[in-house]
J.: 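What follows is a structure written as structure tokens; I'll ask about it next.
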Amino acid sequence: MTQPDPQPISVSTPRHIAIIMDGNGRWAEAQGQPRVMGHRAGVKSVRNVVALCRERQVESLTLFAFSSENWHRPEREVKLLMRLFTTVLRREVKLLKKNDVRLKIIGDVSGFDEKLQARILQAEADTAECTGMVLNIAANYGGRWDVVNAARKLTELALQGEIAVSDIDEALLDRFTSLSDQAEVDLLIRTGGEQRISNFVLWQCAYSELFFSDTLWPDFGEAALQEALDAFACRQRRFGLTSAQVAPVA
Ligand code: IPE
Ligand code: IPE
Ligand code: MG
């Protein structure tokens with residue numbers, strides 16, 4: 001992850017946006033439909049937001065699709081989410097390629113069945129050459145898992161004598177986390193009205209600007225995204241400095 005630049009940054013567009021796509025179930029329930037209909041409707045929002053971020057030249061978009069805790073939902077809902085994920089991966093790859101978007105799945109993919117794992121590898125390979133934007137889909141992902149995974153890798157290296165314990169610092173640990181190849185998360189959006197992180201990008205959101213939207217994910221479109229971007233553009237990111245240091249008076 002590139003370190004934040006401690007210069008005046010009230011730039012208009014975030015380089016990296018992460019979104020907790022919440023509210024699918026409530027959206028469906030409000031219409032007297034089964035929760036699954038909300039997840040289906042949510043796919044449209046994903047397509048839309050990917051296109052909008054690509055247009056706005058966002059470098060990375062990270063979407064929370066399935067948390068490590070979501071396995072504890074009713075079996076029927078989990079099954080359906082897996083099926084939906086499998087179908088969407090196959091169906092959307094063409095469009096991603098057309099829009100020059102590289103797909104990356106972050107999370108413990110070993111938790112998925114073999115068919116889904118194969119599909120993930122295929123979709124990543126199919127878009128590997130795309131350079132316009134990276135779309136990270138967090139699936140069977142947990143922020144704590146991400147840090148533990150990095151700690152394990154560092155421990156292995158230390159036990160093999162490849163690194164000394166004293167070599168371990170923030171930059172080295174970061175290298176083994178799942179978004180290490182991309183810019184810092186500038187803007188973290190959560191839809192659906194709740195104001196919590198729910199074990200999403202814990203390490204990576206240390207200095208993210210947070211935006212909580214009441215819009216349920218299936219209704220999240222251009223206007224709602226623009227609202228978040230406008231709020232971001234008005235924030236002064238200080239990274240520990242004083243306001244005067246960040247924006248010195250001319
Ligand atoms: C987010 O929507 C999608 C997933 C967690 C897979 P929810 O399914 O959590 O929707 P609500 O919060 O119950 O409305
Ligand atoms: C977070 O939403 C996970 C995803 C959006 C995939 P949840 O609906 O699972 O979060 P909680 O349970 O409200 O914290
Ligand atoms: Mg929810």
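We count ligands from 1, going down the list as the structure has it; atoms in each ligand are counted the same way.
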J.: How far is atom 7 (P) of ligand 1 from its nearest protein heavy atom, and which residue and atom name does that atom have?
T.: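 Protein heavy atom with the smallest distance to atom 7 (P) of ligand 1: Asp22 OD1, 3.5 Å.
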
J.: How does Phe66 reach ligand 2, if at all, at less than 4.0 Å between non-hydrogen atoms: by side chain, backbone, both, or neither?
T.: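 The answer is the backbone.
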
J.: I need the atoms of ligand 2 closer than 4.0 Å to a non-hydrogen atom of Arg196, numbered in the order shown.
T.: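 Every atom of ligand 2 under 4.0 Å from some heavy atom of Arg196: 11 (P), 13 (O), 14 (O).
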
J.: Regarding ligand 1, does Trp27 bring an N or O atom to under 3.5 Å of one of the ligand's N or O atoms?
T.: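 N/O-N/O distance under 3.5 Å: no.
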
J.: Taking 4.0 Å as the limit for heavy-atom contacts, which would you say applies to Ala65 with ligand 2: side chain only, backbone only, both, or neither?
T.: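 Backbone only.
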
J.: Quick one: look up the protein heavy atom nearest atom 9 (O) of ligand 2 and list residue, atom name and how far away it is.
T.: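 Protein heavy atom with the smallest distance to atom 9 (O) of ligand 2: Asn70 ND2, 2.9 Å.
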
J.: For Ile20, counting its heavy atoms only, list the atoms of ligand 2 lying under 4.0 Å from any of them.
T.: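 Atoms satisfying the 4.0 Å criterion: 1 (C), 5 (C).
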
J.: Heavy atom under 4.0 Å from ligand 2: found in Met21's side chain, backbone, both, or neither?
T.: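 Backbone only; the side chain of Met21 stays clear of ligand 2.
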
J.: Consider ligand 2: state whether an atom of it lies below 4.0 angstrom from any non-hydrogen atom of Arg73.
T.: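 True for this residue.
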
J.: Classify the contact between Leu216 and ligand 1 as side chain, backbone, both or neither, using a heavy-atom distance cut-off of under 4.0 Å.
T.: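 Under 4.0 Å from ligand 1, Leu216 contributes no heavy atoms.
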
J.: For atom 6 (C) of ligand 2, which of the options Trp217, Tyr141, Phe64 provides the nearest non-hydrogen atom?
T.: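 Considering heavy atoms of Trp217, Tyr141, Phe64, the nearest to atom 6 (C) of ligand 2 sits in Phe64.
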
J.: Do Ser67 and Asn70 have side-chain N/O donor and acceptor atoms under 3.5 Å apart?
T.: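 There is such a pair between these side chains.
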
J.: Hey, what else clusters with Val134 if you join Ile, Leu, Val, Met, Phe, Trp, Tyr whenever side-chain heavy atoms sit under 4.5 Å?
T.: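 Traced through the cluster, Val134 reaches no other member.
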
J.: I'd like to verify the contacts: list protein N, O or S atoms under a distance of 2.8 Å from the Mg ion (ligand 3).
T.: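 Metal shell, protein only: Asp22 OD1.
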
J.: Give the numbers and elements of all ligand 2 atoms closer than 4.0 Å to a heavy atom of Ser198.
T.: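 Those atoms are 10 (O), 11 (P), 14 (O).
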
J.: Quick one: list whatever passes side chain to side chain contact (heavy atoms under 4.5 Å, CB included) with Ala65, sequence neighbours left out.
T.: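 Applying side chain to side chain contact (heavy atoms under 4.5 Å, CB included) to Ala65 gives Met21, Ile137.
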
J.: Only heavy atoms of Arg26, strictly under 4.0 Å: list the atoms of ligand 1 that pass.
T.: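 Close to Arg26: 11 (P), 12 (O), 14 (O).
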
J.: Once salt bridge (charged side-chain N to carboxylate O under 4.0 Å, His left out) is applied, do any residues pair with Asp219, and if so which ones, sequence neighbours excluded?
T.: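 Not a single residue meets the salt bridge (charged side-chain N to carboxylate O under 4.0 Å, His left out) criterion with Asp219.
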
J.: Could you say whether the N/O atoms of Arg35 and ligand 1 ever approach to under 3.5 Å?
T.: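 Such a contact does occur with ligand 1.
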
J.: If hydrogens are left out, which of Glu69, Arg190, Glu194 has an atom nearest to atom 2 (O) of ligand 2, that is, the closest non-hydrogen atom?
T.: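 Shortest heavy-atom distance from atom 2 (O) of ligand 2: Arg190.
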
